[in-house]
There are 2 protein chains.
Amino acid sequence: MKAMVAEEEGRGMQVARAQQGLRELILAGELPPGKRVSEPAMVERLGVSRTPVRLALERLAQEGLVAPGASGGFIVRAFTAADLADAIEVRGTLEGLAARLAAERRPTAGALGPLRDCVAALDRVVAQPVLSEADFDEYVRLNAFFHEELVRLAGSGVVARAVEQAAAQPFAGPSAFVQLHATEAAGRDTLVVAQEQHRRLLEAISRGEGARAEALAAEHARVAQRRLRAALSDRDKLTGLPGGSLLRLAAAWP
Amino acid sequence: MKAMVAEEEGRGMQVARAQQGLRELILAGELPPGKRVSEPAMVERLGVSRTPVRLALERLAQEGLVAPGASGGFIVRAFTAADLADAIEVRGTLEGLAARLAAERRPTAGALGPLRDCVAALDRVVAQPVLSEADFDEYVRLNAFFHEELVRLAGSGVVARAVEQAAAQPFAGPSAFVQLHATEAAGRDTLVVAQEQHRRLLEAISRGEGARAEALAAEHARVAQRRLRAALSDRDKLTGLPGGSLLRLAAAWP
DNA sequence: GAGACTCACATTGCATGCATTTCCGCGATG
DNA sequence: CATCGCGGAAATGCATGCAATGTGAGTCTC
């Protein structure tokens, strides 16, 4: 039985497919937290053999979605509110480091070009008096680019790796929970505040103000903290959100 | 052919042995940087089959010692001075976060006990007018414990994972290069300075001075930065040190 | 003599086989 | 009625087989 569906080629394609498939299954809540991920079941569900499944599980363990079980295999992790808050704090701290390094390197106007353009584009999105859902999508896209560019400006592969790993933690990414604002009345205001921070961050970096850039980036991540708390205060908002079932507001599983 | 030597049992023993063996081979310089790690060769050298070898390589890739090659397999990574400095800076930043969190939690006197004892033990080691090599070993042991305990006091598994990953980067650990001081005249002074920082860090945490603790932890990691620079200024010191052959002071491999 | 092509070989990535261990349900027993 | 022990079945971890692909040497050509 060899790849009956979608014989796309690629070097590590089976592993990638298993990883993506597992991620979706877990975030969709089909694999309940605390339960072991059965490899044979995944083989049947994902159409790849056990070897890629195992490798994908290993990578997801690094990503934090699963954890090695005490007696073999992997179990789906659950996340407490504190876990999410800490993950965001870690990302903010590392982005602060990246921002400081970027500022201290005194980037040239040319090097800052992409970030300037990104901020300008974000300005245009946020400036609108009313934001459609598509606008929020566009914001998410540009916001992601801003954070990538910020890390790139730090000029360090090591720092980039660290930030990427931190942002890959579930719900810790720079755009986590942004979608929730799309249905909120005051959703636009949050984006206005965040965008102001983007502008000031760009300013601090372009002026070589390292400490200010670091503090701004850390504070910027705390917008995500507030989004998280708002989401947690309203369980309805979590239901249906990818990964919502992984949250354990009060600890202790069966 | 099943494990002719040392049939120690264990759940992931083959993978662990492969990982440890590969680490040693790489740090010993037997696998030159930039070269692909041949799986069959490792099978022969390590006495385990290809599956554990592959898994170990995947984990070492996360650890940073190897990187996935462009066309399959893994290649031994080389490190520039900037890489090492950045890795140390990342660790210092995250330890700063851990120290701040620890301080902000206002740990009880009881919770601070192990850290106090550790600092006291370090005091006794450093207070001696002359330090033997065994004293340096003891310092390394206690220093590692101090850093573990610091992270534990932050009370966050997420932060702990982040710090551990940062400290696992080659040469980024809290005790990297300490051994070099054992043969230096002024070696003891560096330990005196570092130990003063340990004391002040403990003080800041016990008083709940979060920002001070954060700054102290970050600055404390910069002791490692200076050790690194001292080591790099003297190639002789690197030769023979585990992993010394991985350093590429000027970039570009064959 | 230098460079590009070709072809055989070694290696990788995936699939699968096998022994050991663990889990789960069932029955026995206090 | 609850708890303990036990047996079968499934799952894991490791080893290995197989096809596809990259590598490298040797050779041919300009």
Side-chain angles (χ1 to χ4, degrees), chain A residues 1-22 25-26 30-62 66-77 253-254, chain B residues 1-22 25-26 31-32 34-62 66-77 253-254:
Chain A
M1 187 214 292
K2 61 167 34 180
M4 307 163 114
V5 308
E7 300 213 12
E8 305 303 329
E9 65 234 296
R11 202 62 197 177
M13 197 46 56
Q14 307 305 96
V15 176
R17 241 201 312 165
Q19 193 172 358
Q20 182 61 15
L22 279 170
L25 285 177
I26 292 174
E30 299 207 31
L31 305 175
K35 203 184 157 208
R36 278 174 45 158
V37 182
S38 164
E39 291 177 14
M42 295 308 108
V43 166
E44 195 164 0
R45 254 183 180 284
L46 302 172
V48 298
S49 97
R50 278 184 52 214
T51 305
V53 166
R54 173 172 291 266
L55 241 149
L57 282 170
E58 186 81 17
R59 295 191 188 170
L60 288 175
Q62 171 197 354
V66 301
S71 62
F74 293 88
I75 65 177
V76 179
R77 279 198 49 192
W253 318 313
Chain B
M1 185 212 290
K2 63 166 36 181
M4 307 162 113
V5 310
E7 301 213 12
E8 304 304 327
E9 63 234 298
R11 199 60 195 177
M13 198 44 58
Q14 307 303 98
V15 176
R17 235 191 327 155
Q19 193 172 357
Q20 182 61 14
L22 280 170
L25 285 178
I26 292 174
L31 305 175
K35 203 184 157 209
R36 280 175 43 161
V37 182
S38 164
E39 291 176 14
M42 295 307 108
V43 166
E44 194 165 359
R45 254 184 180 284
L46 302 171
V48 299
S49 98
R50 280 184 51 214
T51 305
V53 167
R54 174 172 292 266
L55 243 150
L57 282 170
E58 186 82 18
R59 295 191 187 170
L60 289 176
Q62 172 197 354
V66 301
S71 61
F74 293 88
I75 64 177
V76 178
R77 279 197 51 191
W253 316 313

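Each chain gets a letter, A, B and so on, in the order the sequences are listed, and its residues count up from 1. Note that the structure is predicted; figures quoted are calculated from it, not measured. Side-chain atoms are counted along with the backbone in the values below, which use heavy atoms only and exclude waters and symmetry mates.
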**Asked** Just to confirm, is there a sub-4.0 Å distance from OP1 or OP2 of D:dA15 to any side-chain nitrogen or oxygen of B:Gln14?
**Response** yes
**Asked** Would one find a side-chain N or O of B:Thr51 under 4.0 angstrom from OP1 or OP2 of D:dC14?
**Response** no
Nucleotide [N], atom [atom2] - distance to [atom1] of [X] in whole Å:
{"X": "B:Met42", "N": "C:dT12", "atom1": "CE", "atom2": "C1'", "value": "15 Å"}
{"X": "B:Glu58", "N": "C:dT12", "atom1": "CD", "atom2": "P", "value": "14 Å"}
{"X": "B:Ile75", "N": "C:dT12", "atom1": "CD1", "atom2": "P", "value": "13 Å"}
{"X": "B:Arg17", "N": "D:dC14", "atom1": "CZ", "atom2": "C1'", "value": "12 Å"}
{"X": "A:Leu55", "N": "C:dC14", "atom1": "CG", "atom2": "P", "value": "8 Å"}

Between [Y] and [X], is there a side-chain heavy-atom distance shorter than 4.5 Å?
{"X": "A:Lys35", "Y": "A:Val76", "value": "no"}
{"X": "B:Arg59", "Y": "A:Glu58", "value": "yes"}
{"X": "A:Val66", "Y": "A:Arg77", "value": "no"}
{"X": "A:Arg36", "Y": "A:Ser71", "value": "yes"}
{"X": "B:Glu39", "Y": "B:Leu57", "value": "yes"}
{"X": "A:Met42", "Y": "A:Leu22", "value": "yes"}
{"X": "B:Leu55", "Y": "A:Arg54", "value": "yes"}

Using atom names, set out every protein N or O paired with an N or O of nucleotides 10-12 of chain D below 3.5 Å, distance rounded to 0.1 Å.
residue: D:dA11; atom: O3'; partner: A:Arg36; partner atom: NH2; Å: 3.4
residue: D:dT12; atom: OP1; partner: A:Val37; partner atom: O; Å: 3.3
residue: D:dT12; atom: OP2; partner: A:Glu39; partner atom: N; Å: 3.3

**Complete:** Separation between CG (A:Leu46) and CD (A:Gln19), nearest 0.5 Å, reads 11.5 Å
Listed pairs, N/O of protein and of nucleotides 4-9 of chain C, under 3.5 Å:
none

